[in-house]
J.: 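Just passing along the structure, written as structure tokens.
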Amino acid sequence: MPLRSAESTPPQRRARSTTTSTSGPVGERMSWEQIRCVDEFRGRWVALDTCRYDEATGRATEGEVVDVDDDLAELCQRVRASQRRNCAIVFCDYDS
């Protein structure tokens, strides 16, 4: 049986994170501090719904993690195709 490359795996299976080992499953409401500590989110785009924002900076400080992806375009496509309409999409940088 040949090995499957990442290119032959559908994007939703290749890039989407369904669970995290440290802070619970995607779908959980988390603060930005909690999100940035999850290894599976670092270096990836994170879609947040029902966000709270910092009044001074306008940045999301808390929200429900609804999806995660390495590829911003793929993440945006899935969010657009879902019923969610007010997601904030943020990059979880290693240094954030």
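Residues take their numbers from the sequence shown, with the count starting at 1.
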J.: I'd like to check the side chain to side chain contact (heavy atoms under 4.5 Å, CB included) partners of Arg80; sequence neighbours left out, ordered by chain and number.
T.: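 Per chain and number, Arg80 pairs via side chain to side chain contact (heavy atoms under 4.5 Å, CB included) with Cys76, Gln77.
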J.: Does any non-hydrogen side-chain atom of Val38 lie less than 4.5 Å from one of Met30?
T.: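 Contact flag for Met30/Val38 side chains = yes.
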J.: Please identify each residue that fulfils side-chain hydrogen bond (donor to acceptor under 3.5 Å, both in side chains) with Glu33, with sequence neighbours left out.
T.: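 For Glu33, the residues satisfying side-chain hydrogen bond (donor to acceptor under 3.5 Å, both in side chains) (neighbours in sequence not counted) are Arg36.
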J.: With rounding to the nearest 0.5 Å, note down the distance linking CG in Asp70 to CH2 in Trp45.
T.: 11.5 Å
J.: Output all residues satisfying side-chain hydrogen bond (donor to acceptor under 3.5 Å, both in side chains) with Ser82, sequence neighbours left out; order by chain, then residue number.
T.: none
J.: Can you tell me which residue pairs pass the salt bridge (Lys or Arg N to Asp or Glu O under 4.0 Å) test with a partner in residues 50-59, sequence neighbours excluded?
T.: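 Salt bridge (Lys or Arg N to Asp or Glu O under 4.0 Å) check on residues 50-59 returns Arg52-Glu62.
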J.: Can Asp69 and Arg78 be said to form a side-chain contact (heavy atoms from CB on, under 4.5 Å), step by step?
T.: CA-CA 10 Å; Asp69 204 311; Arg78 285 197 306 274; 2.8 Å; yes
J.: Would you name the heavy atoms of Val66 and Cys87 that are closest together and state the gap between them?
T.: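 That closest heavy-atom pairing would be CG2-SG, 4.0 Å.
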J.: First locate atom SG of Cys51, then atom CD of Glu64, and finally report the distance between them rounded to the nearest 0.5 Å.
T.: 9.5 Å
J.: Please round to the nearest 0.5 Å and tell me the distance separating atom CG of Asp71 and atom CZ of Arg44.
T.: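 So the gap between those two atoms works out to 10.5 Å.
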J.: Working to the nearest 0.5 angstrom, can you tell me the gap between Asp49 CG and Ile89 CD1?
T.: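 Rounded to the nearest 0.5 Å, the CG-CD1 separation comes out at 10.5 Å.
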J.: Can you see which heavy atom on Cys92 is nearest to which on Ile35, and at what distance?
T.: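 So the two residues come closest at SG-O, 4.0 Å.
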J.: Nearest 0.5 Å, what's the CG-OH distance between Leu48 and Tyr53?
T.: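 OH of Tyr53 is found 7.5 Å from CG of Leu48.
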